[in-house]
Amino acid sequence: MIDIPKTYDPKQAEQNHYERWEAAGFFAPEINKDPNAPVFSIVMPPPNVTGSLHMGHALQHTMMDVLTRYKRMSGFRTLWLPGMDHAGISTQLMVTRQLKKEGLTRHDLGREKFEERVWNWKQEYGGQILNQIRREGASVDWSREQFTMNENLSRAVRECFVRLYDEGLIYRGNRIVNWCPNDQTVLSDLEVLREPQKGKLYYLRYPFKDGTGSITVATTRPETMLGDTAVAVNPDDERYQSLIGKILVLPIMNREIPIVADDFVESEFGTGAVKVTPAHDPNDYEIGERHNLEQVAVIDQYARMTEAAGPEFAGLDRYQARELVVEKLEALELLEKVVDYEFAISKCERCKTVLEPLISTQWFCRMEPLRDLALAKLREDGKPQFVPAVPYEKVYSDWLENLRDWTISRQLWWGHQIPAWYKNDSEVIVARSREEAVEKAGTDQLTQEQDVLDTWFSSALWPFSTLGWPEKTEDLATFYPTSVLITARDIIFLWVSRMVMTGLKFMSREPFADVYVTGTVLDKHGQRMSKTKGNGIDPLEVFDKYGVDATRLTLASVGSTDTRWSERQVESYRNFANKIWNAARFCLLNSGGAETVTEPFAGDAASLPLHDRWILSRLNKTARDVERQLGQYDFHGVVQTLYHFFWDDFCDWYIELSKATITSETDSPERNIARARLLSVLEQSLRLLHPFMPYLTEELWQRLPVQHSRLLHQAYSGVEPTIMLASYPHCDDALVDDRAEADMDSVIELISRVRNIRAEMSIKPGEQVTVLIRGLRQVLPAFETNSAQIERLTRGKVVIQDGQEVPRASARAVLSGGVEVAVPLEGLIDFDVERARLSKEKEKLEKESGKLATQLGNADFVARAPVEKVDELRARMTEIARQQTALDQNLEALS
RNA sequence: GCCCGCUUGGCUCAGCGGUAGAGCACUCGCUUCACACGCGAGGGGUCAGAAGUUCGAAUCUUCUAGCGGGCACCA
């Protein structure tokens, strides 16, 4: 006999299959031999090379894998392309830290050696996550794996840069930017973290030059006053109107600065007068532009005071300078007051250092023309379609509308070096290569721009650069645009929108039809999981404890809403996996002879036993629901559908109803057919489940005594059989049988009610009872033909009555359709208990009929509600009345 | 400050205009020949609060409260 353990061991199944799948090339689209196959493609959001698997990844990958496996089994030419991002700042930080341990800085090595070092680091530590992705069971095509720093992708980056530059969309300019004094690089607006900060608001008095008094300004950063070149007031502020144009003497510096009028100033805030430091504040910078103010840089790239701040301050750290400024102003009696104040401070997203706004020469990308492409696409074609549409479509379009130029240069060594060369240190030549630059410049006396590009610049090209762009490759023609992007909401701006813009610009097509935005897995207190909080759950540990498949079900059911992590949930899906295992175990233990039956459901469906017609109907409806729900990215819904079909319909009822025939000791054609049918339903269920539970389903499928090769989708015929490439079950409408379902519902109701009587009357489990059934002629056949099953599941002898008397000492139940059930319990029945039980039933019905009566008595309802609704309620009312009558008679019989 | 989301049984979540659902937890009974990670039978919610629209609202509208998130140039 077959030896199958009673408990499912996920580890074993996990070890058994992935390598084989990968080695056999099952993940690659080439496995599909149908030249007319529809195409399904996804590019994996490239995780950072510095990263390791976290819940967010596991969540997204599960959903991507579910869709990929589903489409692959449905015969699509399917590509899920994996890869990694070089993650400029993060990676450089990582390697810099490693160097620091050796007492070195990157400058000790020099740029070339440093880059080499990063590549070595990548070789050694980078990409751990790739093996973790394998563990998840992700069916990605490793033969197409990409890395943003690969030569082909770097080439795409240069091509993109040159084209945008030639069109005037990329330019070099001197502007105020977000500067990280720690990482020594500029950052884009999206890489800035805004954090609330408790601080102080300092009120400083600036005297008029003519000695007639002073004006008071409020600031959170007094040290910047050293670089002030004006004070601004609102032009409509009556308090200050007469002072506009007046000259002040900037304390400490003794610089003469004007009072200017600018709409930016809010009269209500502070004193209504603002000190203006164009070199160190983005707003002041703009005021400065409007009023042609001098920019005095008093803070340098290390956040230290410059010579321009004066000899006493030069070289001081910005916070030391703050103290000294305050001290001096106090001494001069120009510090009016200091109040506690909470405000938002800008920090570096990576290293959390407080940023310093600085004026600096950087490369920028003009976004308006690109933005317009994206907005037009959304408005005209509704692409990409966000799921859920609310709120993400609006979040996306609102952001696009307010888009500002993108700072694309970074003062890093790790990244794509900007393809610009300087001739005589001034003239700029932008070219795809040094050779091209030399040709354009007419000299080889060129130095390349030292800056690299923002990591997101290369990510923005990911959906087409990974497929070969700018070459016109077959992959590009086949797989672009991709089908769907699955991502977390925090990179809609950083990444999603930029892919759309570059995709439309360079490919003239949106990069993906749909964007599915996943929910977030929160900790049990509802907090986001984060490294700094240390409240993250490691998916790999969950895999170890509960198995990959159970974890995948848990994650899939998160769907698009934020969900608190609950280990109990995983546990229940672990139990589900075990349930599947044991159902299969039962089928296998009772499979002898089944293999002789090739078409277990062949012939006229109407002639099948009720439970067979019923399970086929349920199975096909399930396939239909799954298809619909997956089409809507309703991952939570699909998991529920599959869970309940398998556990409730298949295990609780179909297996139980089949047992009588299947477990028969003697070999017979009936037994073999029943066994084959059971196996067939199990086998199809495994296929339905496979996208969610790849390991368990493959493990079991391989063990089934079925003709595996015949189950493969035709696009894969001839390959070594695997459930991965078996045909995904689709609904066959001919097998949906509402009549069978209704009949089966009656049988289930009957069995449940008898079981209820047994439990309530405390009938011993082993004790046989008699089940008397009477009712209208049309409902009885279902009970008649299934009496053997009913007897088995109720441990009762079924007697279909023809108007015979029911013994007084019976427990009774009234079923829908007016069916009455009685279980004679002479000597066992407690009449009081039974009367109470029936009275409770009656109360329930009375409550409902009361409600219905009110509703049906409402003339407005009858007049305005849809006819079908009214009819439905009337039918229900009739049904209740019938049951009430029967209950009354039963109660009477008991008295 | 502006915008958005969430608030359903003890817990985690579905449902989103027509008699309140699931899993876990809980109660009772079961070593019933696949499974105690199980089987059978139960108990438990005025769907955050208020007002409104509607014949009818957990479901639509408005407001309030609590929680969470995004955006923002208030020095």
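Below, all heavy atoms of this structure are taken into account, side chains as well, without hydrogens, waters or symmetry copies. Residue numbering restarts at 1 for every chain, and letters A, B, ... go by the order of the sequence lines.
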Which one, [options], comes nearest to the side chain of [X]?
X	options	answer
A/Lys869	B/C71, B/U12, B/U19	B/U19
A/Lys394	B/C4, B/A75, B/A14	B/C4
A/Asn575	B/A22, B/A75, B/C37	B/C37
A/Glu266	B/G23, B/C74, B/U19	B/C74
A/Thr220	B/C13, B/A75, B/G5	B/A75
A/Arg528	B/G69, B/U19, B/C73	B/G69
A/Thr219	B/G5, B/U12, B/A75	B/A75
A/Arg404	B/C73, B/C13, B/C24	B/C73

Residues [X], [Y]: salt bridge by 4.0 Å N-O rule:
X	Y	result
A/Asp523	A/Arg564	no
A/Glu879	A/Arg876	no
A/Arg489	A/Asp562	yes
A/Glu848	A/Lys851	no
A/Glu760	A/Arg837	no

Could you state the [atom1]-[atom2] distance from [X] to [N], rounded to the nearest angstrom?
X	N	atom1	atom2	answer
A/His525	B/U12	NE2	C1'	14 Å
A/Phe635	B/A22	CZ	C1'	20 Å
A/Leu793	B/G40	CG	P	10 Å
A/Asn858	B/A57	CG	P	11 Å
A/Tyr654	B/C35	OH	P	20 Å
A/Gln855	B/G17	CD	P	17 Å

So [X], base contact, sugar-phosphate only, or nothing? Heavy-atom distance under 4.0 Å.
X	result
A/Thr7	base
A/Arg758	nothing
A/Val274	base
A/Val265	base
A/Tyr8	nothing
A/Pro391	sugar-phosphate
A/Tyr643	sugar-phosphate
A/Glu268	nothing

Parallel, tilted or perpendicular: which describes the rings of [X] and [Y], with under 30° parallel and over 60° perpendicular?
X	Y	value
A/Phe386	A/Tyr396	tilted
A/Tyr643	A/Phe576	tilted
A/Tyr341	A/Phe343	parallel
A/Tyr8	A/Trp581	tilted

Complement of [N], any strand, by Watson-Crick or G-U distances under 3.5 angstrom:
N	answer
B/U12	B/A22
B/G17	none
B/U53	none
B/G38	B/C30
B/G68	B/C4

Could you go over nucleotides 41-46 of chain B and give all protein N or O partners under 3.5 Å, atom names and distances?
unit_1	atom_1	unit_2	atom_2	d
B/A41	O3'	A/Asn756	ND2	3.0
B/G42	OP1	A/Asn756	ND2	2.5
B/G42	O5'	A/Asn756	ND2	3.4

Does the side chain of [X] get closer than 4.0 angstrom to OP1 or OP2 of [N] through an N or O atom?
X	N	value
A/Arg574	B/C37	no
A/Trp581	B/G38	no
A/Tyr341	B/A75	yes

| With a 3.5 Å cut-off and no angle check, do the side chains of A/Ser188 and A/Glu191 form a donor-acceptor pair? | yes
Identify each donor-acceptor pair in which a side-chain atom of residues 651-662 of chain A lies under 3.5 Å from a protein atom, sequence neighbours left out, and give them as a table.
unit_1	atom_1	unit_2	atom_2	d
A/Tyr654	OH	A/Asp612	OD1	2.5
A/Glu656	OE1	A/Lys659	NZ	3.4
A/Glu656	OE2	A/Lys659	NZ	3.2
A/Ser658	OG	A/Tyr654	O	2.7

Please write out each protein N/O paired with an N/O of nucleotides 27-34 of chain B under 3.5 Å, distance rounded to 0.1 Å.
unit_1	atom_1	unit_2	atom_2	d
B/A34	O3'	A/Arg585	NH1	3.0
B/A34	O2'	A/Asn582	OD1	2.7
B/A34	O2'	A/Arg585	NH1	2.9
B/A34	N7	A/Lys659	NZ	3.4
B/A34	N6	A/Glu656	OE2	3.2
B/A34	N3	A/Asn582	O	3.0
B/A34	N3	A/Ala583	N	3.2

The single option from A/Ile537, A/Thr554, A/Val548, A/Leu555 that satisfies side-chain contact (heavy atoms from CB on, under 4.5 Å) with A/Val542 is A/Ile537
C1' atoms of B/G21 and B/A50, separation to the nearest Å
27 Å
